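Quick notes on the structure that follows.
Here, residue 1 is the first one in the sequence, and each next residue gets the next number. Remember, predicted model here, so these are calculated numbers, not experimental data. Hydrogens, waters and symmetry mates play no part in the numbers below; they use all other heavy atoms, side chains included.
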Amino acid sequence: RLLLATATAAGGDNEAAVTLFRDLLAEQASDPLLEQPADAPLTLGLARALMASGHDAEARSTLLGFVGGRPDAADAGQALNLLGLLAQKAGSVELATSYFRRAGDIAPGAPASREIADVLYASGSAADALKQYRRLAGSAASPEERRYLDARIILCRLKEGDLAGVDKD
């Protein structure tokens, strides 16, 4: 049923996905044999579906509760990145940057996002943005995307005063 909830969200029916994720979490919570906290894919899936449905406050609350439960590093990194996106959407670039930095510290191998890298760069965190742009450049889908990312990498280096690094990139 997790696959159904995920597929429903991917298909754009986010309200139905929210219902499915909530039902799955409720089933898990009512199982007396489970002593562990909520399943990360369920909670993160619910938060994403809530965000896509425009229920940002509930998504934020869900994510903060999840992070407070001390999930493993990769899951915490995903949750912090989602919290950063919510903060950015709410216009709090400083808070978004803080979440993105914490996510990078906790889960350095977490998938990069151009949106996250751009927010970090715009907020003056060129070193953190550089890490994101480098990861993205390694998997660029097109030559145009690779050129854009290479240019951003050079801008990060310049912003950090690393002229020697500019020559490398």
Side-chain angles (χ1 to χ4, degrees), residues 1-31 34-123 125 128-129 131-142 145 148-149 152:
R1 293 193 16 205
L2 172 60
L3 291 175
L4 175 62
T6 304
T8 302
D13 191 355
N14 294 303
E15 292 295 336
V18 166
T19 301
L20 289 168
F21 281 118
R22 281 188 180 140
D23 290 348
L24 288 166
L25 282 166
E27 282 178 25
Q28 190 178 65
S30 67
D31 187 341
L34 289 177
E35 295 179 20
Q36 60 197 28
D39 187 64
L42 292 178
T43 304
L44 294 171
L46 174 61
R48 285 186 189 99
L50 287 166
M51 290 170 66
S53 298
H55 303 290
D56 293 350
E58 190 176 350
R60 183 178 188 281
S61 176
T62 298
L63 291 165
L64 288 172
F66 177 72
V67 171
R70 305 242 182 236
D72 72 29
D75 294 332
Q78 287 183 52
L80 290 166
N81 276 333
L82 292 173
L83 284 165
L85 293 172
L86 285 167
Q88 177 194 11
K89 184 176 177 184
S92 181
V93 175
E94 217 172 281
L95 182 59
T97 301
S98 174
Y99 281 129
F100 294 146
R101 280 186 183 153
R102 283 183 51 208
D105 291 343
I106 290 172
S113 143
R114 185 167 159 178
E115 186 173 28
I116 292 170
D118 289 344
V119 168
L120 289 168
Y121 180 81
S123 70
S125 299
D128 294 321
K131 293 175 195 173
Q132 295 279 324
Y133 287 129
R134 279 191 177 146
R135 275 191 262 161
L136 290 166
S139 61
S142 69
E145 182 182 6
Y148 170 83
L149 294 168
R152 298 303 282 188

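Residues Asp128 and Phe100 form no side-chain contact, since every pair of their non-hydrogen atoms from C-beta on lies 4.5 Å or further apart. Within the 4.5 Å cutoff, the side chain of Leu46 has heavy atoms near those of the Val18 side chain. By the 4.5 Å heavy-atom criterion applied to side chains, Asn81 and Leu85 are not counted as neighbours. By the 4.5 Å heavy-atom criterion applied to side chains, Leu44 and Leu63 are counted as neighbours.
Within 6.0 Å of CZ in Arg135 there are more than 12 heavy atoms belonging to other residues, nucleotides or ligands.
Of all heavy-atom pairs between Ala59 and Met51, the closest is CB-CG, 3.6 Å. Of all the heavy atoms in Asn14 and Ala49, the pair that sits closest is CB-O, 3.8 Å. The nearest pair of heavy atoms linking Tyr99 to Leu80 is CB-O, 3.4 Å. Shortest non-hydrogen contact noted between Gly84 and Ala96 is O-CB, 3.2 Å. When all heavy atoms of Val67 and Pro71 are compared, the pair lying nearest together is O-CD, 3.5 Å. The two residues Ala107 and Ala74 make their nearest non-hydrogen contact at CB-CA, 4.1 Å.
Atom-to-atom distance recorded for Lys89:NZ and Asp56:CG is 3.5 Å, nearest 0.5 angstrom. Remark: Asp75 CG to Ile106 CD1 distance equals 11.5 Å, nearest 0.5 Å. To the nearest 0.5 Å, atoms CG (Leu83) and CZ (Arg102) are separated by 8.5 Å. Distance check: Leu2 CG to Gln28 CD gives 10.0 Å after rounding to the nearest 0.5 Å.
Between the side chain of Ser125 and the backbone N or O of Tyr121, no donor-acceptor pair lies under 3.5 Å. Thr8 places a side-chain N or O within donor-acceptor distance of the main-chain N or O of Leu4, the cut-off being under 3.5 Å.
In terms of the salt bridge (charged side-chain N to carboxylate O under 4.0 Å, His left out) criterion, Arg48 has no residue partners (sequence neighbours excluded). For Asp13, the salt bridge (charged side-chain N to carboxylate O under 4.0 Å, His left out) test picks out no residue, with sequence neighbours left out. By the salt bridge (charged side-chain N to carboxylate O under 4.0 Å, His left out) test, Glu58 pairs with Arg22, sequence neighbours left out. For Arg60, there are no salt bridge (charged side-chain N to carboxylate O under 4.0 Å, His left out) partners at least two apart in sequence or on another chain. In this structure Ala5 satisfies the side-chain contact (heavy atoms from CB on, under 4.5 Å) test together with Leu20, Phe21, Leu24, sequence neighbours excluded.
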Distance-only donor-acceptor pairs under 3.5 Å for side chains of residues 109-118, two or more places apart:
from, atom 1, to, atom 2, distance (Å)
Ser113, OG, Glu115, N, 3.2
Ser113, OG, Ile116, N, 3.2
Asp118, OD1, Tyr133, OH, 2.4
Asp118, OD1, Tyr148, OH, 3.3

